[in-house]
Amino acid sequence: MEFEFVPVDYDYFDFEGRNYVRLVGRNGKGEKVCVVDSYEPNFYLVLKEGADAENIVDQIKDVSVEKASRITKVLRTEILDKKFLGKNVKAIRVYIDNHKDAHEIASAIGDIEGIDKRREYDIPIITKYIKEKKVEPLRRYRVRGRKMEDGGQGLSIPCFEAQEILPSKNDEEFTPKILAYDIETSDRELGKGDIFMISLYGEGTRSETSRGDGQQVTGDREDSDIFKKVLTWKHCEKKEDYMEFYESEAEMLKGFVKHVNEYSPDILAGYFSDGFDLPYLKGRADVHKVKLSLGIDGKKPNFTRGRIPSGKIAGIVHVDLYRFIDAVFSQYLQSETLSLNEVARELVGEEKEDFDFVKLGNMSDSDWYDFISYNLQDSAVTYKLAQKIWPDVAEFTKIIKEPVFDVTRDRMATHVENHIIHNLDRFNEIVDKRPGFAETNERKMKGKFEGAFVFEPKPGFYEDLVMFDFTSMHASIIVSFNVSKATLRSDCEGNHQTPEFVLDGEKTRVCFSKEAGFFSTLLSEVVDKRKKYKKEYFANENPMTKARSNAYKLLANATFGYQGFFGARYYSRESAAATLAFVRKYTHDTMNKIEDAGYTIIYGDTDSIAFLQNSKSKDEIMKFLGEINDDLPGIMELDLEDFYSKGLFVAKRGSTTGAKKKYALMDSRDKIKIRGFETVRRDWCKLTRGLQSEVLNLILTDGNEKAALKLTKETIKRLKDRSVDFEDLMIRTQLKREISDYTATGPHVVAAKKMVAAGVAVSPGMLIEYFVGEGSGKRVGDRVYLAGERVKYDIDYYLGNQIVPSVEGIFNVFDVNVKDIVSGSKQQKLF
DNA sequence: GGATACCCTTTACC
DNA sequence: ACGGGTAAAGGGTATCC
């Protein structure tokens, strides 16, 4: 039979020693089905020039490897004309029984005369399958297949053995069925507590979940269309329809499995769920000997090992939204932490009600009611967050062409690499290998190379500034000069030459071929698509167009870093260093042009230049920009960032030299942009940040320091009067490693130790909160106190180490000495 | 014994 | 293991005179 099919999840299994790929997705009717496809495992032997391919084939045709209960042999070979790192090569494609043994077969073949390299045995089987058979996630296909007995392998959904899978003409956007979940426990630490309750939240229990126009279905739903549950073995008097009460934790776990199975989502979404919810559920199920059979194969979740374990469920994509936000999204968020509450507030504008966990020790009946509704809210917010970022996940999945499960967990370097791998067939290019342990270490040992240039500003208060910046500067350089491992040339004749730069203490220049390689071609496509979709987004603003534009931007911006990343297949230290040499050259050249035209440069960082408008009109500035652009090579482009009516630049503390990466600007719409100041640093207390932010606002708005000075005096008075709230004095610093791993014990480490002593679970990644109180200790660390400790706050500390330093530099620009004001002496009037 | 140079650490900028 | 380099700054301690 033939049917429409959208692959969502990928898995593989062995049958009679051969590999099969199992795709789980939705058919045209919106039913969850499984498609089993065959796969022929293979890898390449790249031959040396002039090697006798036939002879090598003869030598390897009988190679086999025996493992456990399996024998893998060389089944057949193909002699092909391929490319490797851009060079034409003869290659032998070796087909074998089982991909798991590809590495060993490659090793068994060994260094036969004429073989230069062995490649592609180290690519995961699902990646190889998608790359070779072009059955890509979230795209629509027509599948011709035979229904398998018993769902193939005892699966709970219909299964089809694929005879043919072809792209469908239908390009309708796929809308997944999402179920969000969240648990509440008696102890954060796994193995210490039990699970009080499990909440579930989803929308659209209808079987057909996609709408013809490809838009998200949100809002105006009937409440009956919302699926919401809290399963618990605790009790409360007041009951709601969504509450389900169980006799025991074990029964509740069974209920959870039943609901998930019945709902049959494409995506099970949680927040921190790889590290908390799912392992906790599995742990408690093991204790109670309840089978957590969430998978379509009736099996319990499986945890893939890695830096962070990833919870995998057969046939359901378990998505930990935190992982995706952390890896891909966070750099564009304002949130200071990635807590569900804060991220949800920023992305979906939803504030969830807080529950006071201190109560847990002594819960009243109505407390339990509150706790249960709190738990439901967490799932509801998680669901809304999942809906919000689904367009981004989907776009990334379609661009990178890896399964949703991986796309939501991989970091940017892996995305860049997978994007390359899935597009190399177009260049007839064999994929290079991942560096081994020794090579990775060697790369890590190498020192840094010179980076970008930052202009030292002269402290002052300026009016009418212009800022130019290069659009995707690093990417545009890589594209314009073909900067990559495969296009690096020792001979500079007829090739692009870099400016001179220092690498490992030696002055050098490197060159890149003028003929574009796959790396720069792919990146130029990414940059082009970024431009195209950015336009499309501005013309038609919706989550899809925004996600598409954003995904290409992220990919373009991460590509430079990829070339300098030690784990990259296409690592090239020379390329990364050369890109930066070009960055410095074009920034300097452009600065010179701006100065030569009579302008005064105020500041610049990496790819931006700010200068005084000099009473020139905006039109004249734009014409000047056009002239600069006429001279820029390749796809390099200088853009107008904005015009600013005012700008404040300060000196470094205790110095008169201008501070880099610290400034405040006000644009033509009176919108203020603050960079680097304590205002935007989360490790300064609220009182300081609030005051400094107000001071900057008043100065930029009023054009003088008078009102700001008044506010500062008032704040100092409040502090001295002890009328400042402790909450405004809390200092928050992230604990980045285990307490025992610190060589220097700063205040936040002292605070973390205090927390441990008080029985609070402390782990790397946590934000440690403390305030500085009175005491005899000389070190700040001796006067660190946790919230709630009955100690007076240290006025001198907050004055001398927080308030004064944060505004001192700002007032210095106006020749006002804040220290004199604090000590009570008369303000020096220098004018 | 006080100033300060230096290292460790966190966070921000691009 | 899962882009890069540049920079400000505080706190703690070793070191200098």
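Chain A is the first sequence line, chain B the second, and so forth, proteins listed ahead of strands; every chain is numbered from 1. This one's a predicted model, so the numbers in the text were calculated from it and none came from an experiment.
- The only member of A:F468, A:F643, A:Y462, A:Y644 that meets ring-ring contact (aromatic ring centres under 6.0 Å, His included) when paired with A:F611 is A:F468.
- Remark: A:F272 CZ to A:S339 OG distance equals 7.5 Å, nearest 0.5 Å.
- Counting non-hydrogen atoms under 4.0 angstrom, A:R573 reaches nothing in the nucleic acid.
- When heavy atoms are screened at a 4.0 angstrom cut-off, A:G564 is found touching the sugar-phosphate backbone but no base atom.
- Between A:Q563 and C:dG3 there is no side-chain polar atom (N or O) within less than 4.0 angstrom of OP1 or OP2.
- Atom C1' of nucleotide C:dG4 and atom CG of A:D605 are separated by 14 Å, given to the nearest angstrom.
- For A:D796 and A:R783, the salt-bridge test fails: no basic side-chain N is under 4.0 Å from an acidic carboxylate O.
- A:S484 and A:Q563 share no donor-acceptor pair across their side chains, judged by distance under 3.5 Å alone.
- Heavy atoms of A:F437 sit nowhere under 4.0 angstrom from any nucleic acid atom.
- Taking only side-chain nitrogens and oxygens, A:T743 comes nearer than 4.0 Å to OP1 or OP2 of B:dT9.
- The OH-P distance, from A:Y332 to B:dC13, rounds to 14 Å in whole Å.
- Residue A:D410 is classed as having no contact, given no heavy-atom separation below 4.0 Å to the nucleic acid.
- Rounded to whole angstrom, the span from the CD1 atom of A:I477 across to the P atom of C:dG5 amounts to 16 Å.
- One side chain, A:N482 or A:S520, offers a donor N or O that lies under 3.5 Å from an acceptor on the other.
- Note on A:E450: only backbone sugar-phosphate atoms sit closer than 4.0 angstrom, heavy atoms only; bases stay farther off.
- Below 30°, between 30° and 60°, or above 60°: for A:Y603 and A:F649 the angle between ring planes is between 30° and 60°, a tilted geometry.
- Side-chain atoms of A:E346 and A:S335 include a donor-acceptor pair closer than 3.5 Å.
- In this structure, A:Q331 reaches the bases: a heavy-atom distance under 4.0 Å links it to at least one base atom across the strands shown.
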Per-nt protein contacts along nucleotides 7-14 of chain C (heavy atom under 4.0 Å; B base, S backbone sugar-phosphate only, - none) come out as SSSSSSS-

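- For the pair A:M473 CE and C:dG3 P, the computed distance is 23 Å after rounding to whole Å.
- Because its NZ or CZ atom is both nearer than 6.0 Å to the ring centre of A:F405 and within 45° of the ring axis, A:R409 counts as a cation-pi partner of that residue.
- Here the P atom of nucleotide C:dG4 and the CZ atom of A:F582 are 22 Å apart, to the nearest Å.
- Look at CZ on A:R409: it is 17 Å from C1' on C:dA1, rounded to the nearest Å.
- Distance, A:Q734 CD to B:dC8 C1': 16 Å, rounded to whole Å.
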Output field dot_bracket for DNA chain C (Watson-Crick or G-U, both distances under 3.5 Å, | for other-strand pairs) contains ...||||||||||||||

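- Between A:L719 and A:Y793 the shortest side-chain heavy-atom distance falls below 4.5 Å.
- Closest to the side chain of A:F565, from the set B:dT11, C:dT6, C:dG4, is C:dG4.
- In this structure, A:F566 atom CZ and C:dG3 atom C1' are separated by 10 Å, rounded to whole Å.
- Contact annotation: A:H748 side-chain N/O to B:dT9 OP1/OP2 distance is not under 4.0 Å.
- Within the 4.0 Å cut-off from OP1 or OP2 of B:dC7, not a single side-chain nitrogen or oxygen of A:Y742 is found.
- Under the 30°/60° scheme for interplanar angles, the aromatic rings of A:H748 and A:Y742 are found to stand perpendicular.
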